[in-house]
Amino acid sequence: MGWQYTVFALPTLFAMITAALLGVYSLRYMRAHGRSSELVAFFAVNVGLVLWTGFSTLKLLQTDPSLKLLFYRFLYFGVAPLGALAFLFTLLHTDRVSRITPGLVAAVMAVPVAFLALLFTNPSGLAIEATRLVETSGLVVMRVDVGLGHVVLELLYNAVLCALAVALILTEAGRLGRPYIPQAVLVSVGLVAPFVFTACTALGLPPFGSDGVNLVPTSAAITSAAIGVALFRYRFLDLPPIAYTTAMEESPDGVFVLDADERIVHVNTRGAELLERFGAAVGDPVTAVSSDLDLTTESNDSVRTTRADGETVYLSARSQRLERGDQTVGWVIVLRDVTELHRQKQTILSRNEKLTLLNQIIRHDIRNDVAVILGNARLIEESVEDEVVRKRLNTILRNGEHASELTVNVRNLMATMLDDEETTRPTALAGPLWAEASAVRDGASDAAVSLPDEPPEVTVVADDMLGTVFRNLLTNAVRHNDAGRAEIDVSVGVRDDDALVRIADNGPGVPDERKEEVFGRGEKGLESPGTGLGLYLVDTIVSGYGGDVWVEDNDPRGAAFVVRLRRA
């Protein structure tokens, strides 16, 4: 009869060994990759399976009724919390970590604890109504008639929690698609198996029977085998949690999840399209997409690579290391096809080279020629007495000076447009403002420029072009003034986050309908009627500082240009 007990105990013994091996594997995995709540819950589930199947085997091999009953009670140390542990593990695996609070853990574990207390005390037969020994196929087995407390607190409670766990896993897998469905189905089968066996036993379906050997513990073999296949075939613990990639599935970029060996284990829809274009597949090393991908940088630089059809493309790459404890367990790479942007960038670079050449011509050749013209005109003016010739010389000088000023503004504008580097820094406001105001006041005898009594001690976000801003606004106030004497008032207001420079004049003012046009804003830009290059340059520079410039009406007449600059 001993060999018969052993034969019937083999499936349960196999389930115990499998669960033990999975528990050892999870411990070694935690040692290698760091401990996490998900791994701890997975280990606890396997401990529960080992206790269940181990004491079930001992119960079957015993012939002493009192020992059989004792081992029956002990096996529920593994069975009672399994539903709660499976539910908590599912919450962790589907990235619902925020839902797991000490209160929730205590609540779901309270029922198993209450059931174990009820099982060992058994008041009024709530857990066990009766026990009996039954001989079947040469074996003496103990059958237990369970009470209402057992049905509600153990069978029904575990069934509800396992049903919730299965629903969460299948819902997430169905939403995320094919890569997660196999592992989700396997885990779901493992969770459902014990309840299917229990139902078959209750219905007396062969080979299950109410008075035969209890085959429900052998269902743990199915549970362990299903989890084992999911673990090793579908990288159950290596893949990120099911909901970890929820956002990336909707991303227009290709998102690749790599394992610690830099092999592709999952991609989103866009990533799958990129893999197809490069003749690669899930399971290949990431170098199958491009050998130039550098996982150690989080930069967004473009990588040059070649598609399967031989066409050269450029991908922007951004990577993020996935860590568990102190170990790197994988990577997430985001790839975007920036081939068209790369071409546009090359076009812009080519245009910038031409603009740079044009800037050099304006700065040197044209400006030098204008300086020669003005110098000779002034020499001639000193020796010419004919009034008609003087008038013509004045016209030459006036327009020559305007051309010289234009070359300076064009040079400054091009310098602003071509500067790729960040040049802003904390800059004292008073220095360039006082210098430019003094220069205009000294150079225009028919203009009066008033400044505050004391220079403000404030630094703003600006660079060397700040003086150009004030020079253009001040000369604009003088040039377009129709009063007998231009009167310009400069004031400075300092606030918590910014400084306001107000340059007011007594000229004709700016009509409301042209207060935006004068800066060249809008679709027409510099083609706006009456727009001067100087004001367009002012707006461009100040915007680059993160500030604003606008024009207001001055009282009693004239215009006031206000420049807002951020305080450093």
Side-chain angles (χ1 to χ4, degrees), residues 4-5 8-9 11-13 15-16 19 45 47-87 107-163 191-205 207-221 223:
Q4 291 174 304
Y5 282 103
F8 278 97
T12 310
L13 187 62
M16 182 186 70
V45 169
V47 170
L49 291 174
V50 170
L51 292 175
W52 177 22
T53 52
F55 283 114
S56 294
T57 303
L58 292 174
K59 179 176 76 71
L60 179 63
L61 295 177
Q62 277 295 330
T63 56
D64 185 341
S66 61
L67 286 178
K68 280 183 176 290
L69 181 60
L70 179 64
F71 289 142
Y72 171 82
R73 286 190 166 110
F74 278 166
L75 70 86
Y76 278 98
F77 280 104
V79 176
L82 272 180
L85 293 174
F87 177 67
V108 296
M109 295 300 295
V111 173
V113 171
F115 170 72
L116 288 172
L118 186 70
L119 181 65
F120 280 86
T121 57
N122 196 31
S124 304
L126 287 175
I128 301 174
E129 290 185 349
T131 62
R132 63 184 187 279
L133 295 178
V134 178
E135 185 175 347
T136 177
S137 301
L139 298 176
V140 176
V141 297
M142 185 179 71
R143 307 306 297 170
V144 177
D145 297 326
V146 298
L148 180 63
H150 188 290
V151 173
V152 174
L153 298 181
E154 202 282 320
L155 289 176
L156 184 60
Y157 182 72
N158 276 344
V160 169
L161 289 183
C162 285
L191 292 175
V192 169
F195 298 99
V196 174
F197 276 44
T198 300
C200 291
T201 300
L203 295 174
L205 299 177
F208 304 93
S210 59
D211 290 329
V213 175
N214 184 9
L215 297 179
V216 174
T218 62
S219 65
T223 301

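Values in this document were obtained by computation on a predicted structure and should not be read as measured data.
- No close placement of the H150 and Y157 rings is indicated, their centers lying 6.0 Å or farther apart.
- P194 has its side chain within reach of W52: a pair of non-hydrogen atoms, C-beta onward, lies under 4.5 Å apart.
- Side-chain atoms of V192 and C162, non-hydrogen and from C-beta on, never get closer than 4.5 Å to each other.
- Heavy atoms only, all atoms of each residue included: A127 and L119 are closest at CB-CA, 3.8 Å.
- Side-chain contact between I128 and R73: present, with at least one pair of heavy atoms (C-beta onward) separated by less than 4.5 Å.
- Rounding to the nearest 0.5 angstrom, the gap separating the CZ atom in F87 from the CG atom in L191 is 12.0 Å.
- When all heavy atoms of F115 and G149 are compared, the closest pair comes out as CD1-O, 4.3 Å.
- Annotation: side chain of L153 is in contact with side chain of L118 (closest heavy-atom distance under 4.5 Å).
- In this structure a side-chain-to-backbone donor-acceptor pair under 3.5 Å is missing from N122 to E129.
- Judged by distance alone, with hydrogens and angles left aside, the side-chain atoms of K68 form a donor-acceptor pair with the main-chain N or O of K59 at under 3.5 Å.
- S56 contributes atom OG, which lies 13.5 Å from atom CZ of F74 (distance to the nearest 0.5 angstrom).
- Between F77 and F120, the ring center distance clears the sub-6.0 Å criterion.
- The shortest heavy-atom contact between V108 and A84 is O-CB, 3.6 Å.
- Of all heavy-atom pairs between N158 and V79, the closest is ND2-O, 3.3 Å.
- Looking at heavy atoms from C-beta onward, L51 lies out of side-chain contact with L75 at the 4.5 angstrom threshold.
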